2 protein chains.
Amino acid sequence: MRTSALVQRLDRYIKLTPAERDALDWAERRETKVPAGAKLLIEGEESNTLFVVQMGWFHAAIRLANGGRQILRFHFPGDLMGTSSMAWAFAVHDFTAVSDCIVSELSKPNLGRIFREQPRLAGMLFAMSAAENVALSDRLTSIGRMDSVERVSTLILDVLARLRVTAGGVVDSFDFPLTQTDIGDAVGLTKVHVSRTLGKMEDQGLIERNGKRVKVLDEARMITMTGFIDRYHEIDSEWLITAEV
Amino acid sequence: MRTSALVQRLDRYIKLTPAERDALDWAERRETKVPAGAKLLIEGEESNTLFVVQMGWFHAAIRLANGGRQILRFHFPGDLMGTSSMAWAFAVHDFTAVSDCIVSELSKPNLGRIFREQPRLAGMLFAMSAAENVALSDRLTSIGRMDSVERVSTLILDVLARLRVTAGGVVDSFDFPLTQTDIGDAVGLTKVHVSRTLGKMEDQGLIERNGKRVKVLDEARMITMTGFIDRYHEIDSEWLITAEV
DNA sequence: CGGACAATTGAATGACCTCAAAACAAGTGG
DNA sequence: CCACTTGTTTTGAGGTCATTCAATTGTCCG
């Protein structure tokens, strides 16, 4: 069996001990395939598990009273999906596969056991979820205080940063499987305006498009424009191992 | 010495054991006063501690390249502030006292020790921070997809829900120490438009204002309008104690 | 070749913003 | 107690960016 993407991710930040790897191996179950467009979990549904993305992209979204939708996060290989629902017995968001995906399950009680027996892993998961939430704050800031070009730029930079965590090397172009409706639901714009905005970004020489493929041409300008910070590059775990006082 | 607001908060969700109380007592240090308007921590500053709010309100904000500001969260007594910075050695947000406050410190290494020795507390903190982040998602949704009246309503309902966690009984009016500039920075509007929006909400019979005091007149309508859900009322911790498989 | 989505484009409307001035509130020092 | 300062809130007028509605083009797949 291939090593879990979660193990690889954690191992990227801290060197895992064999015991820790075993604990994760034991906790993770049942790989399943999820085809593009399918919903893994529906908001409000009872749920006792988290999911580890092994392959593909997901997004987490919430539905509105008026029929609208807000996409909150994107999940990539190595992400532990569903930590937001840890405080309740039901799912607080929808999870939809953006591309064809493979996930494995990690039940909440199994996570509980990890908390009891592998505190370093627990701490690392805590820190990683903190990082993810700061990225969420960044997007909130983008939506609350920036115009359309800046919002879409933030999204693209964010995706780029996430892809680089797994890809290793430098990535400057990627397949963007989202429809413009999806992009709009993620950054708080209508699909019509997303279309105009992408066009404008091309005119300004920020990006280039070929079908679903996006190439970032002027990353530096996009970064200064948005104040983007890559929150995934580094995760500090000093506090976990510092000698006791 | 008074029992820490964090202990009270945790005790509200799970009954703490004496050992757990001791661990928290040991970990929390130095109460300090922070006058209204003062900054407890500045974005980018090196920081090795979290803070427990014992009294008063804080807000967490991030500064923008263009001089603007986005207020991300509000922190109330019993909140553990700064968990978002767990993944780095520096603060990712400003923390500003909205009213006169008292805080105590909880160093990151001490939190590390809690993770090692009190897994149930660690799990509970994880779940609580998840709940907080869902509330943040809710605000993102509000900013991304709702109009001004709905955004301000969401904010007021959110504050109300937070106050009720500590106050115990039902609260329907409270002192709102924020300026309209602050409100605008929290919900993504200009202060001018916040003024107009609050006026409109009064006209519509949603709220009533006397100076800084706000009374919610039609909570039901505000809730249906925004689809607001109180994320703080209940925290599930079943997964922490479920028997091992 | 159709059929279903997705993307683009245009025109008109509207929500929120900017700029600017005035009214109000609270504190400070004379 | 009043004049003055500083900051907040309110109100008005005009401008801008994003939305809405509607029609057209493009793309993928059966």
Side-chain angles (χ1 to χ4, degrees), chain A residues 35-38 59 64 66-71 96 98-100 142-156 175-204 207-214 225, chain B residues 35-38 59 64 66-71 96 98-100 142-155 175-204 207-214 225-226:
Chain A
H59 73 230
L64 296 160
N66 60 23
R69 183 179 66 154
Q70 175 71 49
I71 293 179
T96 309
V98 172
S99 61
D100 287 332
S142 162
I143 293 174
R145 285 281 172 241
M146 298 181 190
D147 70 21
S148 62
V149 171
E150 294 167 329
R151 289 191 214 180
V152 175
S153 297
T154 310
L155 177 64
I156 290 176
D175 284 313
F176 208 35
L178 304 177
T179 66
Q180 294 184 354
T181 304
D182 291 336
I183 299 177
D185 285 343
V187 302
L189 297 170
T190 57
K191 61 185 182 207
V192 175
H193 204 62
V194 168
S195 171
R196 291 190 230 274
T197 303
L198 287 169
K200 199 196 241 180
M201 289 174 70
E202 253 182 343
D203 293 346
Q204 296 181 356
I207 58 167
E208 197 177 86
R209 289 183 293 168
N210 288 317
K212 287 283 184 187
R213 191 143 192 98
V214 171
M225 188 165 85
Chain B
H59 74 231
L64 296 160
N66 60 22
R69 183 180 64 152
Q70 175 71 48
I71 293 180
T96 311
V98 172
S99 60
D100 288 332
S142 162
I143 293 174
R145 284 281 173 240
M146 297 182 190
D147 70 20
S148 62
V149 170
E150 293 166 330
R151 289 192 215 179
V152 174
S153 296
T154 310
L155 177 64
D175 283 313
F176 209 35
L178 304 177
T179 66
Q180 295 184 353
T181 304
D182 292 334
I183 298 175
D185 285 343
V187 301
L189 296 169
T190 58
K191 61 187 181 201
V192 176
H193 205 64
V194 169
S195 172
R196 291 191 229 271
T197 303
L198 287 170
K200 201 196 242 183
M201 289 174 70
E202 253 181 344
D203 292 347
Q204 296 181 355
I207 57 166
E208 197 177 84
R209 288 182 292 168
N210 289 316
K212 287 282 184 189
R213 193 142 191 97
V214 171
M225 186 164 88
T226 57

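Below, chains carry the letters A, B, ... as their sequence lines are ordered, and counting in each starts from 1. It should be emphasised that the depicted structure is a prediction, and the values quoted were computed from it without experimental measurement.
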- prompt: Base, sugar-phosphate, or nothing for A/Lys200, non-hydrogen atoms under 4.0 angstrom?
  reply: nothing
task: Please confirm whether any donor atom in the side chain of A/Arg196 sits under 3.5 Å from an acceptor in the base of D/dT20, or the reverse.
output: yes
Audit row: A/Asp182, A/Arg69, salt bridge (charged side-chain N to carboxylate O under 4.0 Å, His left out) steps and yes/no: CA-CA 9 Å; A/Asp182 291 336; A/Arg69 183 179 66 154; 2.7 Å; yes
message: On the nucleotide C/dC5, are OP1 or OP2 found under 4.0 Å from the side-chain N or O atoms that A/Gln180 carries?
response: no
task: Give A/Val192 one of three labels, base, sugar-phosphate or nothing, depending on what nucleic acid heavy atoms sit under 4.0 Å from its own.
output: base
- prompt: Counting just side-chain N and O atoms, does A/Thr190 come under 4.0 Å of either OP1 or OP2 of D/dT19?
  reply: yes
query: Between D/dT9 and B/Ser195, is there an OP1 or OP2 to side-chain N/O distance shorter than 4.0 Å?
result: no
message: Mind checking if B/Arg151 touches a base, just sugar-phosphate, or nothing, with heavy atoms under 4.0 Å?
response: nothing
message: Just the rounded figure in Å: distance from P of C/dA6 to CG of A/Asn210.
response: 20 Å
task: Using a 4.0 Å heavy-atom cut-off across all strands, classify A/Gly188 as base, sugar-phosphate, or nothing.
output: sugar-phosphate
statement: Taken to the nearest whole Å, NZ/B/Lys191 to P/C/dT18 is 10 Å
message: Can you see if the side chain of B/Ser148 gets near the phosphate of C/dC16 - specifically, an N or O under 4.0 Å from OP1 or OP2?
response: yes
- prompt: When we call it a touch if two heavy atoms are under 4.0 Å apart, what does B/Leu198 touch: a base, just sugar-phosphate, or nothing?
  reply: nothing
